[in-house]
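Here is how names work: the chains are called A, B, and so on, in the same order as the sequence lines, proteins then strands, and each is numbered from 1. In what follows, every heavy atom counts, from backbone to side chain, and hydrogens, waters and symmetry copies are set aside.
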Amino acid sequence: MSDRPVRVRFAPSPTGYLHIGSARSALFNWLFARRHGGQFILRIEDTDQKRLVADALDDFTAGLRWLGCQWDEGPLVGGEHGPYSQSQRLPIYRQWADWLVEQGHAYRCYCSEERLEQVRQQQTERKEQTGYDRHCRYLTPEQRASYEAAGASHVIRLAIEPLTGSTTFHDAIRGEITFEHSLLQDAVLLKSDGWPTYHLAAVVDDHLMEISHIMRSDEWLNSAPLGVLLYKAFGWEPPVWAHLPVILNPNGKGKMSKRHAVGADGKSIPVLLKEYIAGGYLPEAMSNFLANIGWSLDGSTEVFTPEQAIAAFAIADINPAPAAFPYDKLVWLNGVYIRQLEDDDLYRRLLPFVAQALGMSVESLDARPELRLAAPLIKERIKTLAEAAPMLDFFFVDGPLEIADPQTLIGEKMSAAQTVEALHESAATLAALPDFTRESVEASLRQLSDQLGLKIRQLLHTVRVAVTGAKVSPPLFETIVILGRQRTVARLAAAERAIGER
RNA sequence: GCCCCCAUCGUCUAGUGGACCAGGACACAGGCCUUUCAAGCCUGCGACAGGGGUUCGAAUCCCCUUGGGGGCACCA
């Protein structure tokens, strides 16, 4: 297609935080750049000053780095094609807009918003296609002069040419795409306040930054002909175009919106990358997951590294069909990655999540032994880092443990009296153990269950509820050892009292 | 309304005219394992939207229909 050096860009608009769908676009661009040893550029399209979100840029850079998509040029890292924020490039756009006017490819339009609205209204009434009527495109030199003399404010519009016929361009994912010129608008290139619109700014920057491939969301497909025409008007070599399929809601209905998404079960799911980060998803899982939407490594390998993806990535292999966001698969994949983590690695990642959930500082949590010891126990029981805290909170209760309903201490086919006995004997047995290890605890409790005529599951149910406060917990013997003899015995005794007072 | 794009199991996908009575994964169901819950293992369920062509041969190419998505701003 193009034998230029590969240079691609991710060009978000700081009107909101990094959307999960945008993150995928960024990832695809990054993969492509790495595949070809090219550059991945981050550019900020902040030409809509009204909708600016102050900390959006920080969110983009933090999110991209978290995902592992480090950019080669752009904010924070610089580069030879800067500045990389469009708000700092205003004179460039004005200059090129003026150039287009001089060349006759664009014109000044003095129409007021009121007139535009009026035209639109009339078109609607007559059931005509709405759009600018090109009034100012055919002004006489005298009319133009009088507007200028009056100091009328103006925009600069692209003069679609020719007005008939069509433009066909090649999309690397979809093939030939044709648009009728009669349907195209003389789009605004430069606003009356002197700021450029997306169409102008993107084309000028893409050219000046020597972008070779434009890989962006499907939503831009309809404005691609404008870009193609603009490149032609400028006489610049156009890039390779590739429009990525959009990501739909998990239920398949509508694209994942900026604000919320609807899950397969009708519940809403997060749409911002930061929400997934805060939700305890691993960056390596997210990257793997995102790469698998609209693209696949080989059709059968689900779990793979960025290096594998880089080695295999090709634009032509991208599936053009829109995809429903496979949220369940993300949850599963994250679990896979968590299980692959080394114990110590998992512990370090868990630290901030558990500390926050428990209202502790990371330092004080780190100073205690429980989490480090318990991390291996929950490794295959959590799908996200955020799920750990509610599973382990009982480890961090130093006073008496609240048992909401003492009734739950009673196991299947057990009487209250048997439960009291089980509790009493368990406490006595554990208190008397010469050493307190996983093996000794298990052996003694198994022996006790025989003595009491209980199934091991019955005894352990009662002990589990007494010690952890819940019917479901990490493996009990290890849990008891981590908790320590003193707290274990105290909880067993407390449970015995609780059920006795019933 | 107009224009553009898309169409394989519920979902993410493999498949680029014969090796496909369509493969993998998630989800779901059943079973095994088992101190709970998980994890793991096994099994099952389950799709080429419909109709016309082209061809010796079509999930793969063409057309129509239907369905889905996106776009129609001095927003990106």
Check the side chains of [Y] and [X] for a donor-acceptor pair under 3.5 angstrom, ignoring hydrogens and angles.
{"X": "A/Ser223", "Y": "A/His199", "result": "no"}
{"X": "A/Thr384", "Y": "A/Asn334", "result": "no"}
{"X": "A/Tyr198", "Y": "A/Asp48", "result": "no"}

Closer than 4.0 Å, any side-chain N/O of [X] to the OP1 or OP2 of [N]?
{"X": "A/Arg457", "N": "B/U36", "result": "yes"}
{"X": "A/Lys383", "N": "B/A39", "result": "yes"}
{"X": "A/Asn319", "N": "B/A14", "result": "yes"}

Over how many whole Å does the gap from [X] atom [atom1] to [N] atom [atom2] extend?
{"X": "A/Asn288", "N": "B/U13", "atom1": "CG", "atom2": "P", "result": "14 Å"}
{"X": "A/Leu346", "N": "B/A38", "atom1": "CG", "atom2": "P", "result": "19 Å"}
{"X": "A/Ile293", "N": "B/A14", "atom1": "CD1", "atom2": "C1'", "result": "17 Å"}
{"X": "A/Leu459", "N": "B/U36", "atom1": "CG", "atom2": "C1'", "result": "13 Å"}
{"X": "A/Met391", "N": "B/A39", "atom1": "CE", "atom2": "P", "result": "10 Å"}
{"X": "A/Leu460", "N": "B/U35", "atom1": "CG", "atom2": "P", "result": "8 Å"}
{"X": "A/Leu183", "N": "B/C5", "atom1": "CG", "atom2": "P", "result": "12 Å"}
{"X": "A/Phe289", "N": "B/U11", "atom1": "CZ", "atom2": "P", "result": "15 Å"}

Between A/Glu370 and A/Arg487, does a salt bridge (charged side-chain N to carboxylate O under 4.0 Å, His left out) hold up when you go through it step by step?
CA-CA 13 Å; A/Glu370 290 97 332; A/Arg487 282 193 289 171; 2.7 Å; yes

Provide the distance between the two [atom1] atoms, one in [N] and one in [M], to the nearest whole Å.
{"N": "B/C42", "M": "B/G24", "atom1": "P", "value": "12 Å"}
{"N": "B/C61", "M": "B/A47", "atom1": "P", "value": "22 Å"}
{"N": "B/A27", "M": "B/U11", "atom1": "C1'", "value": "8 Å"}
{"N": "B/C48", "M": "B/C2", "atom1": "P", "value": "31 Å"}
{"N": "B/A25", "M": "B/U66", "atom1": "C1'", "value": "30 Å"}
{"N": "B/C20", "M": "B/C9", "atom1": "C1'", "value": "15 Å"}
{"N": "B/A49", "M": "B/C6", "atom1": "P", "value": "15 Å"}
{"N": "B/U60", "M": "B/U16", "atom1": "C1'", "value": "6 Å"}

Residue matched to [N] through Watson-Crick or wobble contacts both under 3.5 angstrom:
{"N": "B/C20", "answer": "none"}
{"N": "B/A25", "answer": "B/U11"}
{"N": "B/G67", "answer": "B/C6"}
{"N": "B/C32", "answer": "B/G40"}
{"N": "B/C72", "answer": "B/G1"}

Whether [Y] and [X] form a salt bridge (side-chain N of Lys/Arg under 4.0 Å from carboxylate O of Asp/Glu) is what I want to check.
{"X": "A/Lys255", "Y": "A/Asp218", "answer": "no"}
{"X": "A/Arg446", "Y": "A/Asp450", "answer": "no"}
{"X": "A/Glu148", "Y": "A/Arg108", "answer": "yes"}
{"X": "A/Arg438", "Y": "A/Glu478", "answer": "yes"}
{"X": "A/Arg115", "Y": "A/Asp133", "answer": "yes"}

With respect to the side chain of [X], which nucleotide from [options] is positioned closest?
{"X": "A/Leu221", "options": "B/C37, B/C4, B/U35", "value": "B/C4"}
{"X": "A/Glu478", "options": "B/C6, B/U35, B/A38", "value": "B/U35"}
{"X": "A/Ile177", "options": "B/A39, B/C5, B/A25", "value": "B/C5"}

Given that A/Arg174 and A/Val472 both sit by RNA chain B, which one's nearest nucleotide is further toward the 5' end?
A/Arg174

Which is more 5' along RNA chain B, the nucleotide nearest A/Val336 or the one nearest A/Glu442? Just name the residue.
A/Glu442

Remember a base hit wins even if backbone is also touched, and classify [X] as base, sugar-phosphate or nothing at under 4.0 Å, heavy atoms.
{"X": "A/Thr178", "answer": "sugar-phosphate"}
{"X": "A/Gly131", "answer": "nothing"}
{"X": "A/Ser296", "answer": "sugar-phosphate"}
{"X": "A/Leu476", "answer": "base"}
{"X": "A/Pro475", "answer": "base"}

Give the ring-plane orientation class for A/Tyr231 versus A/Trp241, where under 30° counts as parallel, over 60° as perpendicular and anything between as tilted.
perpendicular

May I ask you to decide if the ring planes of A/Phe313 and A/Trp295 are parallel, tilted or perpendicular, using 30° and 60° as cut-offs?
tilted

Generate the contact string for nucleotides 60-76 of chain B. Rules: B means base contact, S means sugar-phosphate contact only, - means no protein heavy atom under 4.0 Å.
---------SBS--BBB

Pairs under 3.5 Å (N/O, protein and nucleotides 16-21 of chain B):
none

Before giving the answer on salt bridge (charged side-chain N to carboxylate O under 4.0 Å, His left out), spell out for A/Lys455 and A/Glu412 the whole-Å C-alpha distance, their side-chain angles and the decisive distance to 0.1 Å.
CA-CA 10 Å; A/Lys455 290 230 165 51; A/Glu412 224 176 294; over 6 Å; no

Are A/Phe289 and A/Tyr337 near enough that their ring centres are under 6.0 Å apart?
no

Any donor-acceptor pair under 3.5 Å between the side chain of A/Arg446 and the base of B/U35?
no

